[in-house]
Amino acid sequence: MRKLLVVILLLLMAMLAACATVPATPAPEPAEEPAAEAEAMEMGPAGLPMVDPMAVTGEIIIAGSSTVYPLAERMAERFVDEGYDGSISISSIGSGAGFERFCVAGEADVSNASRPIKDSEVESCNAIERAPIELRVGTDALAIVVSQENDFLTDVSMEELAQIFSTATNWSDVNADWPSEPIQRFSPGTDSGTFDYFVEEVFDKDLEPILASAELQLSEDDNVLVQGVLGSSYAVGYFGYAYYQENADTLKVLSINGVEATADNVDNTSYPLARPLYMYSTAGILHEKPQVADFLNFVLTYVNEEIVDVGYFPASAADMQAAIDSWKMAMEQ
């Protein structure tokens, strides 16, 4: 009997030991988020996905406004400095010619513009299946300039400005206190968004007065206009504020209606010739050429860190957010 009890006891102990060695079923661990999705969730300071220029390749073609050109050039330089190793070209040919290349020839990936796209240009874009998206990137104060050797002009009214760039022959025709010397006029060319904007604001879209004026020299190259104004104390010209700032040691910028072109006056719209600056592309281009999407993302993220130094002013927070939202919507299409 004792032996039987010992055997039973040993069997029970063996059974208990066997049960103790059975591993417990581990609780399922939460699935890890895929690395690619986690990376895509990393957002930059503008609320857009972070872009690493070192990871961006491919060609980017930009054309259009001579006014937007210095800003586009600065952003391209920073993109390259931070690692972009592809090809990026920027042509300064005027807003109208830029839209021609973008909407008709279909050659440019991005169209720089110092005015909104026209309905006729939108139709041209749609005809080649390029529905344009508008990205506001800043604000320009159109600068009315004379040489620093000019000792009689510091301020003009909008009415005087219309006379200066149309019917007046001599400065004294505008104001009897000004010299009886011929007015030498320098203006961006007719393909320029700057020209379009000036005519719209000063002449209510009527081209005839300025094109009929004497001593008028037109050029799509703002640097040519700068040199023209510097050539005489009786010369006057206009162009984007950045070109004045580059030559502030030799040029004098005029106030208009007593209002100076400052950041505050541009922001509160009291300066009469403040205007928006744009870059245009399409959802199709952003998807077909992700390097273009990355570059425009980069521009919207960092443009406000560069724009004042270039010579322009930031867009309002609402306009910048609208541009960011437009980029996001394009990427979701």
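- Looking at R101, its side chain never comes within 3.5 Å of a backbone N or O of G106 through a donor-acceptor pair.
- Taking every heavy atom of both residues into account, W327 and L300 meet most closely at CB-CD1, 4.0 Å.
- Expressed to the nearest 0.5 Å, how far OH of Y243 lies from OG1 of T67 amounts to 6.5 Å.
- A donor-acceptor pair shorter than 3.5 Å cannot be found between the side chains of N247 and T250.
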Please test F152 against V146 for side chain to side chain contact (heavy atoms under 4.5 Å, CB included), starting from the C-alpha separation and ending with a verdict.
CA-CA 10 Å; F152 61 92; V146 295; over 6 Å; no
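- Y241 and A261 get closest at one heavy-atom pair: OH-O, 3.6 Å.
- One N or O on the side chain of N265 and one on the backbone of E260 form a donor-acceptor pair closer than 3.5 Å.
- When side chains are defined from C-beta on, F239 counts as touching V145, because their heavy atoms get closer than 4.5 Å.
- Counting heavy atoms of neighbouring residues, nucleotides and ligands inside a 6.0 Å radius, atom CD of E82 exceeds 12 of them.
- Side chains of E200 and D196 form no contact here, defined as non-hydrogen atoms less than 4.5 Å apart.
- At least one donor-acceptor pair closer than 3.5 Å links the side chain of D173 to the backbone N or O of N170.
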Step by step, would you call S219 with D221 a side chain to side chain donor-acceptor pair (under 3.5 Å)?
CA-CA 5 Å; S219 176; D221 188 337; 5.6 Å; no
Stepwise ring pair (Phe, Tyr, Trp, His ring centres under 6.0 Å) test for F165 and F198:
CA-CA 10 Å; F165 277 93; F198 185 83; 5.2 Å; yes
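- S124 places a side-chain N or O within 3.5 Å of a backbone atom of S120 that can act as its donor or acceptor partner.
- Side chain of R185 to main chain of V236: no donor-acceptor pair is present (N/O by atom type, distance under 3.5 Å, no hydrogens or angles).
- Heavy-atom contacts from other residues, nucleotides or ligands closer than 6.0 Å to CG of D206 number more than 12.
- Cluster membership check: V110 does not share its hydrophobic cluster with I128, using side-chain heavy-atom separations under 4.5 Å among Ile, Leu, Val, Met, Phe, Trp and Tyr.
- Judged purely by distance below 3.5 Å, without hydrogens or angles, the side chains of Y238 and S187 pair a donor atom with an acceptor atom.
- Heavy-atom minimum distance, G94 versus E220: CA-OE1, 4.4 Å.
- In this structure, the separation between OG on S89 and CD on E59 is 6.0 Å, given to the nearest 0.5 Å.
- Separation of atoms CZ (R78) and CG (D81) is listed at 9.5 Å; rounding is to 0.5 Å.
- At least one side-chain heavy atom of Y280 sits under 4.5 Å from a side-chain heavy atom of I117.
- Inspection of the N150 and S233 side chains reveals no N or O donor paired with an N or O acceptor under 3.5 Å.
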Check step by step if side chain to side chain donor-acceptor pair (under 3.5 Å) holds for D325 and Q321.
CA-CA 6 Å; D325 292 343; Q321 187 59 53; 2.9 Å; yes
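- Using a distance-only test at 3.5 Å, with no hydrogens or angles considered, no donor-acceptor pair links the side chain of S192 to the main chain of P188.
- Nearest heavy atom pair, residue E160 against residue D155, reads OE1-O, 4.3 Å.
- Classification of E332 and K328 as a salt-bridged pair fails, no side-chain N sitting under 4.0 Å from a carboxylate O.
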Evaluate the side chain to side chain contact (heavy atoms under 4.5 Å, CB included) criterion for residues Y84 and I60: first the C-alpha distance (whole Å), next the side-chain angles of each, then the deciding distance (0.1 Å), finally the verdict.
CA-CA 11 Å; Y84 171 65; I60 302 170; 3.8 Å; yes
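- The main-chain N or O of A274 is never found under 3.5 Å from a side-chain atom of E201 such that the two would form a donor-acceptor pair.
- Looking only at distances, no side-chain donor or acceptor of D191 sits under 3.5 Å from a matching main-chain atom of A97.
- Checked by atom type, the side-chain pair R275/T139 shows no donor-acceptor distance below 3.5 Å.
- Here the straight-line distance linking atom CD of Q245 with atom OH of Y312 works out to 9.5 Å at 0.5 Å rounding.
- At a threshold of 4.5 Å between non-hydrogen side-chain atoms, the residues M75 and Y302 count as touching.
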Kindly indicate, with the supporting measurements, whether the criterion side chain to side chain contact (heavy atoms under 4.5 Å, CB included) is fulfilled by I256 and Y271.
CA-CA 7 Å; I256 302 176; Y271 183 73; 3.4 Å; yes
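- In this structure, N297 contributes its side chain and P49 its backbone to a donor-acceptor pair below 3.5 Å.
- Separating the CD atom in E42 from the CG atom in L48 is a distance of 13.0 Å, to the nearest 0.5 Å.
- Salt-bridge formation is not detected for the pair E123/K118: no Lys NZ or Arg NE/NH1/NH2 atom is positioned less than 4.0 Å from an Asp or Glu carboxylate oxygen.
- The side-chain heavy atoms of Q291 and I88, taken from C-beta on, include no pair separated by under 4.5 Å.
- Put simply, the side chain of V122 reaches to within 4.5 Å of the side chain of N126, judged on heavy atoms.
- For the pair Q184 (side chain) and E215 (backbone), a donor-acceptor distance under 3.5 Å is absent.
- Checking D319 against S316 by side-chain atom types alone, a donor-acceptor pair falls below 3.5 Å.
- Proximity of W171 to L153: side-chain heavy atoms (C-beta onward) are separated by under 4.5 Å at one or more points.
- Clustering ILVMFWY residues whenever any of their side-chain heavy atoms sit less than 4.5 angstrom apart, transitively, puts V224 in a cluster other than the one holding I144.
- Under a 4.0 Å N-O distance rule, the pair D309/R74 qualifies as a salt bridge.
- The minimum heavy-atom distance between D109 and I285, with the atom names listed, is O-CD1, 3.7 Å.
- Under the 4.5 Å side-chain heavy-atom criterion for ILVMFWY residues, a single connected hydrophobic cluster contains both M158 and L254.
- Placement of M329 and V292 in two distinct hydrophobic clusters is found when ILVMFWY residues are connected by side-chain heavy-atom separations under 4.5 Å, directly or transitively.
- Using a 4.5 Å heavy-atom threshold, the side chains of N257 and P272 count as touching.
- The two residues I133 and A330 have their closest heavy-atom pair at CD1-CB, 3.7 Å.
- When hydrophobic clusters are built by joining Ile, Leu, Val, Met, Phe, Trp and Tyr residues whose side-chain heavy atoms come closer than 4.5 Å, directly or via intermediates, M279 is not grouped with I93.
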Before you tell me yes or no, could you show the steps for Y278 and V137 under side chain to side chain contact (heavy atoms under 4.5 Å, CB included), namely the whole-Å CA-CA distance, both residues' side-chain angles and the distance that decides it to 0.1 Å?
CA-CA 5 Å; Y278 302 101; V137 294; 5.7 Å; no
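- Atom OH of residue Y244 and atom CG of residue L142 lie 14.0 Å apart, to the nearest 0.5 angstrom.
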